[in-house]
Amino acid sequence: KGEISVYTALEDEQVTEYLAVFNQEYPDIKVNIVRESTGTIPAKLLAEKENPQADLVWGTAASSMMVLDTQGMLEPYAPAGAERILPEFKSDKTIPTWVGIDAWETAIIVNTAEAQKLGLPEIKSYQDLLKPEFKGHIVMSNPNSSGTGFLTVSALLQLNGKDTEKGWEYPDKLHENVAQYVHSGSKPAKMAAAGETAVGISFGYAGVSQKAKGAPVEIIFPEEGSGWDLEANALMKKDGIKPAAKTFLDWAISDAAMNL
């Protein structure tokens, strides 16, 4: 029983679907959701460090969890069934401070109708996005606020040499073709689906979701490889940790939640 505050970067439609199942199983736990982009969640938590408001974090980048962990903000907790999660997908502490639930990765979402109308060439790789025909027809998530934007740029630097001038050559060239940077990782896919842009640099699930709704989009994973990160859950270190928060984390890696 009780009331918990949950910070998450999961997509709104995912949150609604997951919570419907949780609420059926635990009707006496009230879940208050704060939903923000992946880059905003850790910034908010760090700002609240001296007076934590969240009881737990659900579905936020593992790379962000590592930052919070170094600040001593996460309470070690092994949810029921945590032993089923492979070691590389949870923190390396004896009692894990965060546990992964899924991964998401860079994908290029193309509105095929718009691309055909504009006469845009086929996209198979990151390099294709540098072609002059794409100038002004690409929307990308902002790496300052979006975990998707960050993992995309991070991968590009790793692919091209992150400590060299060459590493930054590609992002600089891509920038010339980008029409707009947006706050959210999923918004480029949604904009492509709506025909507001021909190409959105987003993540796989966002594109698949739009295609399932009937949008004329194709989801392309660059042949050089995709940037990726885990989404993970963690218990916040604070006075008066609520049993209901632990119950939620147990449920979040249960068969019911994982199957969803």
Side-chain angles (χ1 to χ4, degrees), residues 1-38 41-42 45 53-66 68-69 74-105 107 147-148 184-186 189 202-213 219 228-238 241-260:
K1 294 183 178 181
E3 188 170 341
I4 54 175
S5 177
V6 177
Y7 286 14
T8 185
L10 295 172
E11 294 298 303
D12 288 325
E13 66 266 23
Q14 292 176 300
V15 171
T16 301
E17 193 172 339
Y18 295 159
L19 284 187
V21 175
F22 177 81
N23 290 333
Q24 277 186 329
E25 197 168 339
Y26 298 99
D28 294 330
I29 297 177
K30 183 182 179 185
V31 181
N32 298 315
I33 293 289
V34 174
R35 196 270 164 194
E36 284 285 359
S37 292
T38 304
I41 293 287
L45 290 164
Q53 300 300 302
D55 292 300
L56 65 100
V57 184
W58 174 39
T60 294
S63 51
S64 296
M65 296 296 195
M66 292 174 185
L68 300 175
D69 207 4
L74 304 182
E75 179 74 19
Y77 179 63
E83 69 281 353
R84 301 184 305 167
I85 308 294
L86 294 172
E88 57 267 40
F89 299 142
K90 56 190 174 186
S91 80
D92 57 4
K93 307 287 174 60
T94 305
I95 301 174
T97 43
W98 55 265
V99 175
I101 51 170
D102 61 30
W104 88 109
E105 65 299 300
T148 304
S184 152
S186 60
S202 187
F203 60 96
Y205 168 79
V208 171
S209 174
Q210 294 302 315
K211 188 170 184 177
K213 293 173 185 174
I219 300 95
W228 66 278
D229 200 348
L230 290 171
E231 287 186 306
N233 306 335
L235 187 63
M236 295 304 296
K237 188 185 289 287
K238 60 189 296 189
I241 289 173
K242 299 172 183 174
K246 294 182 177 181
T247 297
F248 188 95
L249 290 170
D250 292 346
W251 171 83
I253 62 165
S254 67
D255 285 348
M258 287 299 203
N259 287 337
L260 279 175

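Numbers here simply count residues along the sequence, with the first being 1.
- Across every non-hydrogen atom of T38 and A9, the tightest pair is OG1-CB, 3.6 Å.
- Ring-centre distance between Y26 and W251: not below the 6.0 Å cut-off.
- Q14 places a side-chain heavy atom less than 4.5 Å from the side chain of Y205.
- Smallest separation of non-hydrogen atoms from G185 and S202: O-OG, 2.7 Å.
- When side chains are defined from C-beta on, S209 does not count as touching E11, because their heavy atoms never get closer than 4.5 Å.
- Minimum heavy-atom separation, A257 to A252: CB-O, 3.5 Å.
- You'll find the side chain of L56 stays beyond 4.5 Å of the side chain of N233, heavy atoms only.
- The shortest non-hydrogen separation linking E17 to L260 is OE2-CD2, 3.8 Å.
- Remark: the backbone N or O of A82 is paired with a side-chain donor or acceptor of K90 at under 3.5 angstrom.
- Listed here is the closest heavy atom pair of T8 and W58: OG1-O, 2.5 Å.
- In this structure, I101 and M258 have side chains that are in contact, with non-hydrogen atoms separated by less than 4.5 Å.
- Although no hydrogens or angles enter the test, the distance criterion places a donor-acceptor pair under 3.5 Å between the side chain of S91 and the main chain of T97.
- Other residues, nucleotides and ligands contribute only 12 or fewer heavy atoms inside 6.0 Å of the CD1 atom of I95.
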> side chain to side chain contact (heavy atoms under 4.5 Å, CB included) between L74 and M236: does it pass, once the steps are laid out?
Replying inline: CA-CA 5 Å; L74 304 182; M236 295 304 296; 3.9 Å; yes
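- Side chains of S64 and I41 form no contact here, defined as non-hydrogen atoms less than 4.5 Å apart.
- Residues I4 and F248 share a closest heavy-atom pair of CD1-CB, 3.9 Å.
- Using a distance-only test at 3.5 Å, with no hydrogens or angles considered, a donor-acceptor pair links the side chain of D55 to the main chain of S5.
- The shortest side-chain heavy-atom distance between L230 and F89 falls under the 4.5 Å cut-off.
- Side-chain N or O atoms of S254 include none that pairs as donor or acceptor with a backbone N or O of D250 at under 3.5 Å.
- Between W98 and V57 there is no side-chain heavy-atom pair separated by less than 4.5 Å.
- Under the side-chain contact (heavy atoms from CB on, under 4.5 Å) criterion, E105 pairs with F221, S226, W228, sequence neighbours left out.
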> What's the verdict on side chain to side chain contact (heavy atoms under 4.5 Å, CB included) for T148 and W104, showing C-alpha distance, side-chain angles and the deciding distance?
Replying inline: CA-CA 8 Å; T148 304; W104 88 109; 2.8 Å; yes
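- Residues Q53 and V34 have side chains not in contact (no heavy-atom distance under 4.5 Å, counting atoms from C-beta outward).
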